[in-house]
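First comes the structure, then the notes that go with it.
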Amino acid sequence: MAGKHAYVTTEKHLHVIDISIPQFPSYLTSLAFKEKIGKVLASGNHLVVASPKKFHFVDVSQPSQPKLQSTNYLSDRNAINDIDVCDKYLYAVGKNDSLHVYSLQTGHVVPVTSEKLMNRWWLLSPDAETPKVKQIPRSITPTIPSVLSEPLLPKRGFLQLYSSKGEKVRASSDFLVMESLTDPTCDLLISAAEKRNNFSQSQSLGYFKVDYRYLKHLQVTGQKTLIRRKPTNSYAVNSGKMMQIAQNASSKEINVNPRRLMGSVTDFQILENMLYIVNAKGFFSIFSLSKEGERNEWLSTTPLQPSHPISIAIGKNFAYVLSEPKD
């Protein structure tokens with residue numbers, strides 16, 4: 001999302017949606033691409049749209065008339081693993097574990113530098129001298145690496161690029177949240193660092209299991225069923241066009257099953273100290289994070305319409321969830 005518009009990619013189309021009235025989003029237009037596309041990121045009046053081997057620079061100064069300004073390859077022509085935009089710079093990781101940095105400050109894509117990543121790199125953090133990047137070594141122990149304090153304490157944060165283990169990374173100025181793919185008892189890893197006095201600092205690593213927090217709330221309240229309601233507005237993509245679907249007011253009752261209620265985490269976002277999560281079986285949850293990990297607080301969980309959430313975008317007062325219908 002950028003300002004009053006949301007940008008959504010499907011297989012070969014970029015869709016522009018007007019969200020100036022958040023409760024009533026309206027479809028504006030689409031831009032077609034010749035090949036499959038994926039991630040889209042905003043930088044001022046431009047978008048960067050990734051495809052497997054290229055990235056596209058799109059002018060959206062007039063959102064109703066998006067224009068493809070340029071199509072670019074990585075300097076070594078390798079496939080693209082992931083991209084992120086930070087402070088008018090584009091960071092792209094290639095399949096050969098190389099990091100490529102481009103300046104977007106002039107409204108054009110200008111190569112700045114490329115470098116090889118460490119064999120055991122884990123995370124990337126913008127250096128104090130942007131666009132330089134600090135490579136954070138991967139920990140070989142289950143405890144929080146002390147090197148995470150370096151970006152967290154001065155609030156430089158982390159680039160939201162996949163870790164070397166292929167895990168999603170989300171970050172704010174105070175928190176680092178990572179997907180946990182190897183530990184079945186944990187959905188997310190949450191890190192924070194805080195100065196306690198002039199000579200010491202505290203660090204926390206929260207092992208976060210979403211359904212555990214929600215089920216604990218349901219047990220306390222004694223709630224046995226939930227209501228899954230139809231959305232007020234729903235849209236579907238057909239032949240590259242996005243169209244609104246008529247909805248009825250029906251709802252569905254869900255029996256609370258402690259073992260198979262929410263499903264796996266499909267996406268998550270963090271804004272300041274608020275963590276937003278969507279689960280595979282159609283649940284949207286909000287948590288308030290604390291720098292003392294054990295004080296992370298569950299705020300709400302909402303059953304969505306019958307669908308499989310794919311991704312989530314967060315605005316100041318609204319969340320937008322992209323889903324695919326259930327079979």
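In this text, all values refer to a predicted model and were calculated from it rather than measured experimentally.
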Is there side-chain contact between [X] and [Y], with at least one heavy-atom pair below 4.5 Å?
X      : Y      : answer
Tyr91  : Tyr102 : no
Ile190 : Phe175 : yes
Phe208 : Val210 : yes

Donor-acceptor side-chain pairing of His13 and Ser30 below 3.5 angstrom =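 The answer is no; no qualifying pair exists.
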Tell me yes or no: between the side chains of Asp174 and Ser172, is some donor less than 3.5 Å from an acceptor?
-> no
Using modelled atom types and a 3.5 Å cut-off, is there a donor and acceptor pairing between side-chain atoms of [X] and backbone atoms of [Y]?
X      : Y      : answer
Ser307 : Pro309 : no
Lys116 : Asn96  : yes
Gln269 : Ile312 : yes
Gln135 : Leu117 : no

Could you see if [X] belongs to whatever hydrophobic cluster contains [Y]? Use Ile, Leu, Val, Met, Phe, Trp, Tyr and a side-chain cutoff under 4.5 Å.
X      : Y      : value
Tyr73  : Val110 : no
Tyr162 : Phe158 : no
Val169 : Leu152 : yes

Hey, can you pull the donor-acceptor pairs under 3.5 Å for the side chains in residues 39-50, sequence neighbours left out?
| residue | atom | partner | partner atom | Å |
| --- | --- | --- | --- | --- |
| Lys39 | NZ | Asp82 | OD1 | 3.0 |
| Lys39 | NZ | Ile83 | O | 2.8 |
| His46 | NE2 | Gln69 | OE1 | 3.2 |

Taking 4.0 angstrom as the limit, do Glu11 and Lys36 come out as a salt bridge?
->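 Judged by the 4.0 Å cut-off on N to carboxylate O distance, Glu11 and Lys36 do form a salt bridge.
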Would you indicate whether Lys209, at its atom NZ, is surrounded by more than 12 heavy atoms from other residues, nucleotides or ligands within a distance under 6.0 Å?
->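 More than 12 within 6.0 Å, yes.
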Counting only heavy atoms not in Lys67, do more than 12 sit closer than 6.0 Å to its NZ atom?
-> no
Those residues at least two apart in sequence (or on a different chain) that pass ring-ring contact (aromatic ring centres under 6.0 Å, His included) with His56 are Phe33
Below 3.5 Å, can you tabulate the donor-acceptor pairs from side chains in residues 279-289 to any protein atom, sequence neighbours excluded?
| residue | atom | partner | partner atom | Å |
| --- | --- | --- | --- | --- |
| Asn279 | ND2 | Gly263 | O | 2.8 |
| Lys281 | NZ | Arg260 | O | 3.2 |
| Ser285 | OG | Thr301 | OG1 | 2.9 |
| Ser288 | OG | Asn273 | ND2 | 3.4 |

